[in-house]
Chemist: 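Structure in structure tokens, see below.
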Amino acid sequence: MSKHFKLKRGLNIRLKGAAEAVLEDAPAPKSVAIKPTDFPGLTPKLSVKADAQVKVGDALFFDKYNPEILFTSPVSGTVKAVNRGERRKILEIVVEPNGTNEQAEFTKADPSSLSREEIRDQLLKSGLWPFFKQRPYGVLAKPTDVPTNIVISAFDSAPLAPDYDFLFSKEQSALQTGIDAISKLTDGKVYLGVAPNQSSGVFAALKKVETNTFDGPHPAGNAGIQISKVCPIGKGTVVWTINPQALVYIGRLFQTGKLDMSKTIALTGSEVKAPKYYKTVHGAKLDSLTKGKTTEATKERIISGNVLTGTKVDTDNYLGYFDQQLTVIPEGDDYEFMGWAAPGVDKYSASKAFFSKLFPKKEYVLNANMHGGERAFVLSGQYEKFLPMDILPVHLLKAILVNDIDKMEQLGIYEIVEEDLALCEYACTSKIKVQDILRQGINSMIKELG
């Protein structure tokens with residue numbers, strides 16, 4: 001039965017540069033890349049070498065510890081490079097498209113007529129399995145598991161996030177086919193979380209899901225927040241999450257027997273001349289999306305994703321595996337006259353410390369300046385204002401810092417991943433790297449308990 005959840009804790013950061021509901025085709029990228037670094041804990045093993053010819057859907061690499069999980073090419077062409085970092089760590093596999101869109105062969109079938117094993121095998125072979133994330137820990141889902149439930153968030157509440165109803169307005173058939181497929185992978189329910197303004201539209205008509213409404217500020221759109229309300233995670237419980245873009249990929253795969261990884265992203269931020277939506281391909285090189293589209297009035301920071309959880313990149317980099325937006329803001333490395341002592345009419349503050357609090361609907365140009373270095377990490381009750389879950393985040397982070405496994409369990413580490421605490425990091429007066437510490441704790445839990 002559908003429920004309505006009213007969330008009071010959280011924060012909407014009003015930034016300038018939201019994407020206008022206009023869609024254009026981006027120039028074809030000169031190269032695309034899949035980055036193993038987008039997957040925490042993954043140890044990749046190559047399936048191809050440089051200069052190899054690949055089709056759409058051919059494997060580029062696989063998970064060393066789960067070799068059935070393949071990561072496949074979204075385009076046909078030549079493997080241009082295998083870029084490595086320290087200790088020969090694989091950073092990205094770059095493919096140069098040849099424009100022919102040659103396809104590897106997959107099965108065209110109605111998922112309703114297929115068994116769980118047949119659907120799982122098709123998703124593994126096509127390279128779409130990596131879109132499933134397991135909770136706890138936010139890591140790759142294991143193909144041998146049967147999740148208690150699967151959770152999909154049909155909206156993104158992060159700053160300047162794209163409008164999912166606009167993104168997927170023409171993809172209802174593919175979304176439904178995707179849900180038909182993934183519903184076979186669980187013995188429980190498929191939960192769909194929507195915002196109050198989504199009572200009509202592409203997600204409202206979907207079947208085989210239990211739809212719940214989440215009304216409140218960010219992080220209301222996070223899957224982790226929704227899980228905590230509809231199917232809380234405890235020790236031994238496994239819930240999977242998947243995003244709507246992956247559902248579209250899955251739906252297209254079963255409807256056509258072909259892997260179609262074309263996608264729409266939002267180019268956002270105060271430094272973008274005309275923020276709007278662009279049709280591109282999964283893993284596209286960023287210069288195809290940003291060249292000539294930013295003001296270049298100041299030194300810019302390009303972020304693959306949103307300003308809270310995204311990754312700092314440059315135009316020679318590639319769109320993140322799970323990212324649906326690009327954000328461009330000022331770097332903020334210039335001198336600021338009077339600094340914190342200024343009245344702050346044009347500054348935004350989570351604690352309402354500036355006169356800008358008198359203008360609650362104003363949009364702001366914020367930069368990447370940290371405004372200070374790390375300070376004493378004290379219990380202030382500040383974090384709890386931004387996390388609509390029954391968790392004591394500072395206590396949990398301190399337990400992680402001393403590597404107290406038992407305390408980490410008791411304080412709720414199974415329930416959260418980095419994005420759930422991103423607002424806490426933004427508002428932190430101590431300038432603590434909250435998301436890095438949380439991943440450190442998750443890695444300790446995986447190492448100790450598996």
Side-chain angles (χ1 to χ4, degrees), residues 35-45 61-69 71 85-91 129-151 186 188 219 222-228 231-242 309 311 321-322 374 377 379 383-384 387 389-422 424-425 428 430 432-450:
K35 300 183 286 187
T37 52
D38 287 336
F39 302 88
L42 174 69
T43 302
K45 299 291 287 184
F61 62 95
F62 59 91
D63 181 3
K64 177 180 179 181
Y65 299 105
N66 296 280
E68 66 274 29
I69 299 180
F71 298 77
E86 295 181 0
R87 303 179 66 179
R88 293 188 57 76
K89 179 182 180 181
I90 300 173
L91 301 180
W129 189 270
F131 283 101
F132 288 104
K133 291 184 179 181
Q134 169 198 299
R135 299 293 184 98
Y137 307 143
V139 295
L140 278 172
K142 296 180 180 179
T144 53
D145 287 347
V146 177
T148 307
N149 299 288
I150 298 176
V151 173
T186 177
N222 286 6
I225 303 302
Q226 297 175 17
I227 290 171
S228 71
C231 52
I233 294 174
K235 188 174 183 178
T237 304
V238 174
V239 173
W240 288 356
T241 65
I242 191 169
T309 62
T311 304
Y321 199 88
F322 299 97
E374 189 170 322
F377 192 20
L379 293 171
Y383 286 12
E384 285 78 1
L387 182 64
M389 299 172 72
D390 294 328
I391 285 178
L392 298 173
V394 177
H395 293 76
L396 173 58
L397 293 170
K398 286 181 176 288
I400 292 171
L401 290 171
V402 297
N403 200 31
D404 189 331
I405 299 295
D406 291 336
K407 282 290 184 184
M408 287 153 61
E409 278 190 313
Q410 295 166 13
L411 290 166
I413 196 168
Y414 292 128
E415 299 184 58
I416 55 177
V417 295
E418 293 93 324
E419 67 179 12
D420 300 321
L421 295 188
C424 299
E425 181 172 308
C428 181
S430 298
I432 301 299
K433 295 182 179 179
V434 172
Q435 297 180 72
D436 289 347
I437 293 172
L438 179 57
R439 180 50 59 179
Q440 174 187 328
I442 289 173
N443 290 340
S444 294
M445 296 295 294
I446 293 173
K447 182 178 179 181
E448 294 294 329
L449 304 177

Chemist: Looking at CG of L397 and CD of Q435, how far apart are the two atoms once the value is rounded to the nearest 0.5 Å?
Modeler: 11.0 Å
Chemist: Less than 4.5 Å apart, any side-chain heavy atom of K35 and any of Y321?
Modeler: no
Chemist: Of the non-hydrogen atoms in T186 and P147, which two are nearest, and what is the gap between them?
Modeler: OG1-O, 2.8 Å
Chemist: So, do Q134 and V238 sit near enough that their side-chain heavy atoms are less than 4.5 Å apart?
Modeler: yes
Chemist: Taking all atoms of both residues into account, what is the closest heavy-atom pair of F62 and F71, and its distance?
Modeler: CA-CD1, 4.1 Å
Chemist: Are K89 and T37 packed together at the side-chain level, in the sense that at least one heavy-atom pair is separated by less than 4.5 angstrom?
Modeler: yes
Chemist: Report the relative orientation of the aromatic rings in F322 and F39; use parallel for angles under 30°, tilted for 30 to 60°, perpendicular for over 60°.
Modeler: perpendicular
Chemist: Kindly determine whether C231 and T148 satisfy side-chain contact (heavy atoms from CB on, under 4.5 Å), including the steps that lead there.
Modeler: CA-CA 9 Å; C231 52; T148 307; over 6 Å; no
Chemist: Roughly how far, to the nearest 0.5 Å, is the OG1 atom of T309 from the CG atom of N222?
Modeler: 8.0 Å
Chemist: What are the two closest non-hydrogen atoms of G224 and M389, and how far apart are they?
Modeler: O-CE, 4.3 Å
Chemist: Would you call Y414 and M445 a side-chain contact if the rule is heavy atoms closer than 4.5 Å?
Modeler: yes
Chemist: I'd like to know whether I400 forms a side-chain contact (heavy atoms from CB on, under 4.5 Å) with M408, so could you lay out the CA-CA distance, the side-chain angles of the two residues, the decisive distance to 0.1 Å, and finally the verdict.
Modeler: CA-CA 6 Å; I400 292 171; M408 287 153 61; 3.9 Å; yes
Chemist: Looking only at heavy atoms, which two atoms of H395 and L379 are closest? And how far apart?
Modeler: CE1-CD2, 3.7 Å
Chemist: Look up atom CD1 in I442 and atom CG in L438, then write down how far apart they are to the nearest 0.5 Å.
Modeler: 4.0 Å
Chemist: Is R135 paired with E419 through a side-chain N to carboxylate O contact shorter than 4.0 Å?
Modeler: yes
Chemist: Is K398 atom NZ crowded by more than 12 heavy atoms from other residues, nucleotides or ligands, each under 6.0 Å away?
Modeler: yes
Chemist: Any non-hydrogen side-chain atom of I446 less than 4.5 Å from a side-chain atom of Y137?
Modeler: yes
Chemist: Is there a side-chain contact between N66 and L140, using heavy atoms and a 4.5 Å cut-off?
Modeler: no
Chemist: Just how far is it from atom CD1 of I150 to atom OG1 of T241, taken to the nearest 0.5 Å?
Modeler: 9.5 Å
Chemist: Could you report the tightest heavy-atom contact between R439 and G138, atom names first, then the distance?
Modeler: NH2-O, 4.0 Å
Chemist: Find the distance between CD1 (I391) and CD (E384) and round it off to the nearest 0.5 Å.
Modeler: 10.5 Å
Chemist: Can you confirm whether Q440 sits close enough to N403 that some side-chain heavy atom of one is under 4.5 Å from a side-chain heavy atom of the other?
Modeler: no
Chemist: Measure the spacing between CG of D420 and CD1 of I225 and express it to the nearest 0.5 Å.
Modeler: 4.5 Å
Chemist: Between L421 and I416, which heavy-atom pair has the shortest distance, and what is it?
Modeler: CD1-CD1, 3.8 Å
Chemist: Does any part of the side chain of P136, heavy atoms only, come nearer than 4.5 Å to the side chain of I413, both counted from C-beta?
Modeler: no
